[in-house]
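See structure below.
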There are 2 protein chains.
Amino acid sequence: MKVATFNVNGIRARLDSISELMQMEAPDVLCLQEIKCENDLFPYDFFKDYQCYVNGQKAYNGVSICSRKEGVPVVVLEEVESRTLGLVLGDTLIVNVYAPHGDLRGSPRFFQKIQWYKAFSKRMEELLRRYPKVLIVGDFNIALKDNDVWDPILLKDTVGTFPEEREALKALLSVGFVDVFRAIYPEKVQFTWWDYRQGRMWKNQGMRIDYVFSSETLMPSIEDVYVVEEIRKRRNPKPSDHAPVVCVVK
Amino acid sequence: MKVATFNVNGIRARLDSISELMQMEAPDVLCLQEIKCENDLFPYDFFKDYQCYVNGQKAYNGVSICSRKEGVPVVVLEEVESRTLGLVLGDTLIVNVYAPHGDLRGSPRFFQKIQWYKAFSKRMEELLRRYPKVLIVGDFNIALKDNDVWDPILLKDTVGTFPEEREALKALLSVGFVDVFRAIYPEKVQFTWWDYRQGRMWKNQGMRIDYVFSSETLMPSIEDVYVVEEIRKRRNPKPSDHAPVVCVVK
DNA sequence: GGAATAGGAG
DNA sequence: CTCCTATTCC
């Protein structure tokens, strides 16, 4: 089973990129973040061979899971912003996440981000007891370690690198999850997000903030994980500021 | 000499259509209306083989003349809205016009439209004495006769068909100009503008409001005039609500 | 820098 | 219906 995650930054503006991803990778499950539309504006017709499960929101946030096989949707969190969506496929729970951006330390949004991580970690601990195999994918808006950002000095204490944020993300992992990419490639420097500004997109000055987290129970089934950079590198008319991440599960 | 006129409804959103027009017609002079940008946002680089003369405005209106040969720009009217631009090429004066829309009879904008026509007609009378040959092109926002609208009954006393508007446009012609299209094709029903709404664009339910007016002195040199409908008919991703009109002058 | 909104204009 | 301007968010 191939699971892809992609922060599209507006699904209606990104159908070309999604098309390309589907052609290249033919994922069985496609988890999208920041679709930025309400459920009834979701382009269901575009995903012909997929069942679409959507937790949409007007203008901001919004996540969806498109799956070749039918699944059972799961409410992950009671939330005001549409940031999470779960889907049970066989004995596996897939959780699609768009974590809060958070802003700088001291801001209300920073505090909310930390709180959100606490609630989410607690809930995942709970779900881990209920479902034997769990895969969490999505945009976590935190770079775990210094080798997950293009310039750790320049980006020290900026959004996504604050120690408090890193602790919050580690706390999630400590519940029983593994950062699949880092487990397979301990030293690899690879990014999944680039700032549109200052040409950072084209200079590969990015951060790794999109992840696939596998429950320890599912780890033996993980075959590979990789970032699909072609869509951005080919200077697609207008690319997302994120690249898709694909995980291959036995 | 080939002169094209095209209300682009936003030049930045219409570069594809303009490209297509230049490939198809290779006009010597290209008069654009509703460019909707200030002079410094005009895409000068796009018009490689042309000299560009621009009377721009932010958000609304704005006209430009692009000419293969250098010309001498002429201020047609002292104006607050950028609606006119003249260019002298050899012994011919080309005047590019975006007449006011006008709204319904009784509105302030209706009155302004009639006033604008009075001032413009007077000025053209003046310019006609100064320049032996004059060509006025552009969007006049008035359909001269009933056979210039798709449904004269339905559109009776709506914007562009009011008797006062038609009189104002006839008054301009009476100064010494000829509606070239109607002179060559007395009975032809052909439109240059279609409402985006109610699918009128695709049902060819339009009006002829874009014209080429030739001074009587220049009429013997006029070879043909035609509407370039292909760009709209091919359902170009997003077409302008106007079609270009091309005039061939000896 | 780019997507999405609301509001105004045609 | 589609453009442009603001604005907000990332």
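In what follows, chains are A, B, ... by sequence order, proteins preceding strands, each numbered from 1. Just so you know, these numbers come straight off a predicted model, no measurement behind them.
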Legend entry - Phe140(B) ring center within less than 6.0 Å of Phe213(B) ring center: yes
Inset, instruction - Tell me which nucleotide among dT5(C), dC10(D), dC1(D) gets nearest to the side chain of Glu34(A). - result: dC10(D)
Inset, instruction - State which of dT5(C), dC4(D), dG2(C) makes the closest approach to the side chain of Arg12(A). - result: dT5(C)
Inset, instruction - May I ask you to establish whether Arg232(A) and Trp194(A) are in a cation-pi arrangement, using a distance under 6.0 Å from NZ or CZ to the six-membered ring centre and at most 45° from the ring axis? - result: yes
Is any side-chain nitrogen or oxygen of [X] closer than 4.0 Å to OP1 or OP2 of [N]?
X         : N       : result
Lys58(A)  : dA6(C)  : yes
Arg197(A) : dG2(C)  : no
Arg109(B) : dG10(C) : yes

Legend entry - DNA chain C: 5'-proximal contact among Tyr196(A) and Cys37(A) (nearest heavy atom): Tyr196(A)
Legend entry - Residue mapping more 5' on DNA chain C - nearest nucleotide basis, Ala13(A) or Gly199(A): Gly199(A)
Legend entry - Beyond-backbone contact of Leu85(A) with Val76(A), side-chain heavy atoms, under 4.5 angstrom: no
Inset, instruction - Fit a plane to each ring of Tyr50(B) and Phe47(B), take the angle between them on a 0 to 90° scale, and name the class: parallel (under 30°), tilted (30 to 60°) or perpendicular (over 60°). - result: perpendicular
Inset, instruction - Assign Arg200(A) to base, sugar-phosphate, or nothing according to its heavy-atom contacts below 4.0 angstrom with the strands shown. - result: nothing
